[in-house]
J.: 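This is the structure I want to talk about, given as structure tokens.
As a basis for the values below, the full set of heavy atoms in this structure was taken, side chains included, without hydrogen atoms, waters or symmetry mates. Numbers for residues simply follow the sequence, beginning at 1.
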Amino acid sequence: MKWLRRPSWFALLLTAAGALLFIRLGVWQLHRADEKDELLRRYAAADSAQPRDFAAVALAPPANAFARVHVQGEYLADRAYLLDNPKHDQRGGVEVYAPFRPRDGERVLLVDLGFLPGNGTDQAPQLPSLPTGEQTLHGLYLPPPGVGFEMGGDALARQAHWPKTTIYLNLSQVSTDLGSQLYPQVLALDADPAAIFVREHMLDFSSMPPARHRAYAFQWFTFALAAVVILLVLHRRRPKIPSDN
């Protein structure tokens, strides 16, 4: 190419390495978007599936699916945990969790009763009494909410009265607080028009939805193209300026 000067090997290697890195990052972002799309499809399929017996998945939840289950047992009296400021909440309020002992179960199951809107003050919403006696529950058996960086240690251990409030739901801390082993996941109850709780359970991809992964992929691919364009521009032959002679 007469319009292009021969680049040095260093310039070629640097450009190739940068472009390949950007392409690899772009492909990785596309894979992450596909993975999250697949999770959303599995979640939607589980929401309409026939419920399974809880005992079949209690200690070994399926790794590639979300199980919809039914379970019989009783709530532990006067015990509840309030997850303050859940991510889907735009009104102020708490997500309410209650311990439940399945019939013939070896552990305690933490049940997500749903979201309770705030009352416009700093005080926790008034909780209704839990039903007594044996109950049959239906819902999705899901991983617990994620735990971020906790400052100040175990907040549950410092509270003497129920319900107890936390900004992170740590199953290990709840287990210690109850003095009982917990099942590895939580039961998110099906929607119930008669319940005062708002049950809008969903996978929380608000911070990084699939569309944002694809936007980042486009950005990385653009960087790869820009690296090649920069190499060509820097090594373009400049036209000779004719002399005045």
J.: List in chain and number order the residues that pass side-chain hydrogen bond (donor to acceptor under 3.5 Å, both in side chains) with Ser172, two or more places apart in sequence or in another chain; answer none if no residue qualifies.
T.: none

J.: Answer yes when Arg214 and Asp34 have at least one side-chain N-carboxylate O distance shorter than 4.0 Å, and no when they do not.
T.: yes

J.: With a 4.5 Å heavy-atom cut-off, do Thr166 and Leu82 have their side chains touching?
T.: no

J.: Just verifying a value: how many Å separate Gln219 CD and Gln29 CD, rounded to the nearest 0.5 Å?
T.: 9.0 Å

J.: Around Glu35, counting heavy atoms of other residues, nucleotides and ligands shown, do more than 12 lie under 6.0 Å from its CD?
T.: yes

J.: Would you kindly confirm whether Phe223 and Leu231 end up in one hydrophobic cluster when ILVMFWY residues are joined by side chain heavy atoms under 4.5 Å apart?
T.: no

J.: Could you give me the CA-CA distance, side-chain angles and deciding distance for Leu83 and Val94, then say whether side chain to side chain contact (heavy atoms under 4.5 Å, CB included) is met?
T.: CA-CA 5 Å; Leu83 179 61; Val94 291; 6.0 Å; no

J.: Would you say Leu110 and Asp112 make side-chain contact, with heavy atoms under 4.5 Å?
T.: no

J.: Testing the basics here: between Tyr183 and Pro102, what is the closest heavy-atom pair and its distance to 0.1 Å?
T.: CE1-CG, 3.9 Å

J.: Who pairs with Tyr81 by side-chain hydrogen bond (donor to acceptor under 3.5 Å, both in side chains), at least two apart in sequence or on another chain?
T.: Asp177

J.: Minimum heavy-atom separation for Leu187 to Gly139, with atom names?
T.: CD1-C, 3.6 Å

J.: With a cutoff of under 4.5 Å between side-chain heavy atoms, which Ile, Leu, Val, Met, Phe, Trp and Tyr residues group with Trp28?
T.: none

J.: Can you list, by chain and residue number, the hydrophobic cluster partners of Phe10 when the side-chain cut-off is 4.5 Å?
T.: Leu14

J.: Are any non-hydrogen side-chain atoms of Pro144 and Tyr168 less than 4.5 angstrom apart?
T.: no

J.: Sequence neighbours left out, what pairs pass salt bridge (Lys or Arg N to Asp or Glu O under 4.0 Å) with at least one residue falling in residues 165-176?
T.: none

J.: Using a 4.5 Å cut-off between side-chain heavy atoms of Ile, Leu, Val, Met, Phe, Trp and Tyr, which other residues end up in the same hydrophobic cluster as Leu30?
T.: Ile23, Val27, Phe221

J.: Would you say Trp162 and Val108 are hydrophobically clustered, going by side-chain heavy atoms of ILVMFWY under 4.5 Å?
T.: yes

J.: Pair up each side-chain donor or acceptor in residues 69-80 with any protein partner under 3.5 Å, not counting sequence neighbours, and list the distances.
T.:
{"from": "Gln72", "atom 1": "OE1", "to": "Arg103", "atom 2": "NH1", "distance (Å)": "3.4"}
{"from": "Gln72", "atom 1": "OE1", "to": "Arg103", "atom 2": "NH2", "distance (Å)": "3.0"}
{"from": "Gln72", "atom 1": "NE2", "to": "Thr136", "atom 2": "OG1", "distance (Å)": "3.3"}

J.: At their closest point, which heavy atom of Lys164 faces which heavy atom of Leu156, and how far apart are they?
T.: NZ-O, 3.4 Å

J.: Apply side chain to side chain contact (heavy atoms under 4.5 Å, CB included) to residues Val111 and Leu137 and explain how you reach the verdict.
T.: CA-CA 9 Å; Val111 176; Leu137 307 182; 3.9 Å; yes

J.: Rounded to the nearest 0.5 Å, what separates atom CG in Leu178 from atom CZ in Arg101?
T.: 9.0 Å

J.: Run the ring-ring contact (aromatic ring centres under 6.0 Å, His included) test against Phe218 and tell me which residues pass, sequence neighbours left out.
T.: none

J.: Mind listing the closest non-hydrogen atom pair of Gln135 and Phe100 along with its distance?
T.: O-CZ, 3.9 Å

J.: At what distance, to the nearest 0.5 angstrom, does CG of Leu171 lie from OG1 of Thr176?
T.: 11.0 Å

J.: Once side-chain hydrogen bond (donor to acceptor under 3.5 Å, both in side chains) is applied, do any residues pair with Glu38, and if so which ones, sequence neighbours excluded?
T.: Arg41, Arg42

J.: Please list all pairs passing the salt bridge (Lys or Arg N to Asp or Glu O under 4.0 Å) test where one or both residues lie in residues 9-22, with sequence neighbours left out.
T.: none

J.: With side chains defined as the heavy atoms from C-beta onward, is the minimum distance between Leu182 and Arg107 less than 4.5 Å?
T.: no

J.: Quick check: do Leu189 and Leu113 have side-chain heavy atoms less than 4.5 Å from each other?
T.: yes

J.: What pair of heavy atoms forms the shortest contact from Gln181 to Ser175, and how long is it?
T.: CA-OG, 3.7 Å

J.: Could you list the donor-acceptor pairs under 3.5 angstrom formed between side-chain atoms of residues 49-61 and any protein atom two or more places apart in sequence or on another chain?
T.:
none

J.: For Pro184 and Tyr141, which heavy atoms make the closest approach, and how far apart are they?
T.: CD-OH, 3.5 Å

J.: Apply side-chain hydrogen bond (donor to acceptor under 3.5 Å, both in side chains) to Gln159 and list each qualifying residue two or more places apart in sequence or on a separate chain.
T.: none

